[in-house]
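Each ligand, and each atom within it, is numbered from 1 in the order the structure gives. Model, not experiment: these values are computed from the prediction. Position 1 is the first residue of the sequence; numbering continues from there.
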Amino acid sequence: MAVLPILIAPHPVLKQVAKPVPAVDQRIARLMDDMVETMYEASGIGLAAPQVGILDRVIVVDVHEKDEAPNPIRMANPEVVWSSPDLAVCEEGCLSIPEQYAEVTRPSAVRVRYLDRDGQEREIEASGMLATCIQHEIDHLNGVLFVDHLSMLKRGMIMRRLQKQQRQKASA
Ligand code: K1U
Ligand code: ZN
């Protein structure tokens, strides 16, 4: 397995729409494993393939608590087949927008169809942080970042703070 470099906004690849994978072959299974390792190394709870520069519809998530065993979920071609009418507000972060956080409103529960690491079709019903994280990752597959759910004012503030932080990091 390998740790992959994570793209930082405003990288143009993060705004592109990823392509469905025709099947979960060896390359996709390997990509899923590398993404799980990359997510853990970055202390994240999710990761989408475009964040590592690959425009395939693949995501990984793991929202296990610190006192629980790791529970990574690998998904190809994830698709929301049902969303709850009730909404939840959750503070979100993004490994492609480091150290910036904001509250985002989304459906509080979702049912998602996907292909697992063995290419088997599965469905999962998620609520709480898992629902938020899966929706955040599916957004990445459609070129959408959590800041795109905010007002133009808040988005501008976060992107300016990010650019300042990246400039300081580059000159340190
Ligand atoms: O897709 C990503 O960039 C990963 C992202 C997932 C995510 C976090 C929070 C809400 C929705 C989706 C992260 O893992 S950011 C880092 C993180 O662990 C975190 C940040 C804020 C709240 C909880 C966790
Ligand atoms: Zn993200």
Asker: Can you list the atoms of ligand 1 that are under 4.0 Å from a heavy atom of G46?
Answerer: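 The list of qualifying atoms is 1 (O), 2 (C), 4 (C), 14 (O).
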Asker: Write out the residue and atom name of the closest protein heavy atom to atom 22 (C) of ligand 1, then the distance separating them to 0.1 Å.
Answerer: E91 O, 3.9 Å
Asker: Side chain or backbone, does A48 bring an N or O within less than 3.5 Å of an N or O on ligand 1?
Answerer: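 No; the residue has no nitrogen or oxygen that sits under 3.5 Å from a nitrogen or oxygen of the ligand.
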Asker: For atom 3 (O) of ligand 1, what is the closest protein heavy atom, and at what distance to 0.1 Å?
Answerer: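 Its nearest protein heavy-atom neighbour is L95 N, 2.7 Å.
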Asker: Looking at D62 and R74, is any side-chain nitrogen of the basic one under 4.0 Å from a carboxylate oxygen of the acidic one?
Answerer: no
Asker: Ignoring hydrogens and geometry, is there a side-chain-to-backbone donor-acceptor pair from S84 to S108 under 3.5 Å?
Answerer: yes
Asker: Please could you name the atoms of ligand 1 that G44 approaches to less than 4.0 Å, counting only its heavy atoms?
Answerer: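 Taking each heavy atom of G44 in turn, ligand 1 has 14 (O), 18 (O) under 4.0 Å.
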Asker: Which value, rounded to the nearest 0.5 Å, describes the distance between L141 atom CG and N77 atom CG?
Answerer: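 Between atom CG of L141 and atom CG of N77 there are 9.0 Å.
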Asker: Purely on distance, is any nitrogen or oxygen of T132 under 3.5 Å from one on ligand 1?
Answerer: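 Min N/O separation from ligand 1 is not below 3.5 Å for T132.
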Asker: With a 4.0 Å heavy-atom cut-off (strictly under), which part of E137 contacts ligand 1: side chain, backbone, both or neither?
Answerer: side chain
Asker: Step by step, would you call R27 with D34 a salt bridge (charged side-chain N to carboxylate O under 4.0 Å, His left out)?
Answerer: CA-CA 10 Å; R27 181 182 75 84; D34 288 349; over 6 Å; no
Asker: Any donor-acceptor pair under 3.5 Å linking the side chain of D116 with the backbone of D118?
Answerer: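 Answer holds: yes.
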Asker: Looking only at protein heavy atoms, which one is nearest to atom 11 (C) of ligand 1, and what is the separation?
Answerer: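 Atom 11 (C) of ligand 1 sits closest to the protein heavy atom H136 ND1, 3.7 Å.
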Asker: If we only count N/O pairs under 3.5 Å, is I45 in contact with ligand 1?
Answerer: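 Yes: some nitrogen or oxygen of I45 is under 3.5 Å from one in ligand 1.
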Asker: I'd like to check which ligand 1 atoms, numbered from 1 as shown, lie under 4.0 Å from a non-hydrogen atom of M129.
Answerer: 9 (C), 10 (C), 23 (C)
Asker: Any side-chain to backbone donor/acceptor pair from R155 onto L150? Under 3.5 Å, distance only.
Answerer: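 At least one qualifying donor-acceptor pair exists.
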Asker: Can you spot which of D139, V63, V61 makes a side-chain contact (heavy atoms from CB on, under 4.5 Å) with I134?
Answerer: V61
Asker: Within this structure, what is the CZ-CD distance for the pair R111 and E125, rounded to the nearest 0.5 Å?
Answerer: 4.5 Å
Asker: Hey, is the main chain of I8 close enough, under 3.5 Å, to the side chain of S96 for a donor-acceptor pair?
Answerer: no
Asker: Quick one: OH on Y114 to CD on Q120, what's the gap to the nearest 0.5 Å?
Answerer: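 Answer for the OH-CD pair, Y114 versus Q120, is 11.0 Å.
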Asker: What is the number of protein N, O or S atoms that sit under 2.8 Å away from the Zn ion (ligand 2)?
Answerer: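 N, O or S atoms of the protein closer than 2.8 Å: 3.
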Asker: Are any of the N/O atoms on Y101, whether in the backbone or the side chain, positioned under 3.5 angstrom from an N/O atom of ligand 1?
Answerer: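 The answer is no, given that Y101 and ligand 1 share no N or O pair closer than 3.5 Å.
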Asker: Is there a heavy atom of Q135 sitting under 4.0 angstrom from any atom of ligand 1?
Answerer: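 It does not; every heavy atom stays at 4.0 Å or beyond.
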Asker: To the nearest 0.5 Å, how far apart are CG in L145 and CG in L14?
Answerer: 6.0 Å
Asker: Are there protein heavy-atom neighbours of atom 19 (C) of ligand 1 below 4.0 Å?
Answerer: no
Asker: Closer than 4.0 angstrom, basic N to acidic O: yes or no for E92 and R106?
Answerer: yes
Asker: Please write down residue, atom name and distance for the protein heavy atom closest to atom 5 (C) of ligand 1.
Answerer: G93 O, 3.8 Å
Asker: May I ask you to identify, for S43, whether its side chain, its backbone, both or neither come under 4.0 Å of ligand 1 on a heavy-atom basis?
Answerer: backbone
Asker: Within the 4.0 Å heavy-atom shell around H140, which atoms of ligand 1 are there?
Answerer: 1 (O), 3 (O)
Asker: Is the side chain of D33 donor-acceptor paired with the backbone N or O of R30 at a distance under 3.5 Å, no angle test?
Answerer: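 A pair under 3.5 Å: no.
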Asker: Pairs of nitrogen or oxygen atoms closer than 3.5 Å, one from E92 and one from ligand 1: do any exist?
Answerer: no
Asker: Out of curiosity, R161 CZ to E99 CD, how far, rounded to the nearest 0.5 Å?
Answerer: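 Between atom CZ of R161 and atom CD of E99 there are 11.0 Å.
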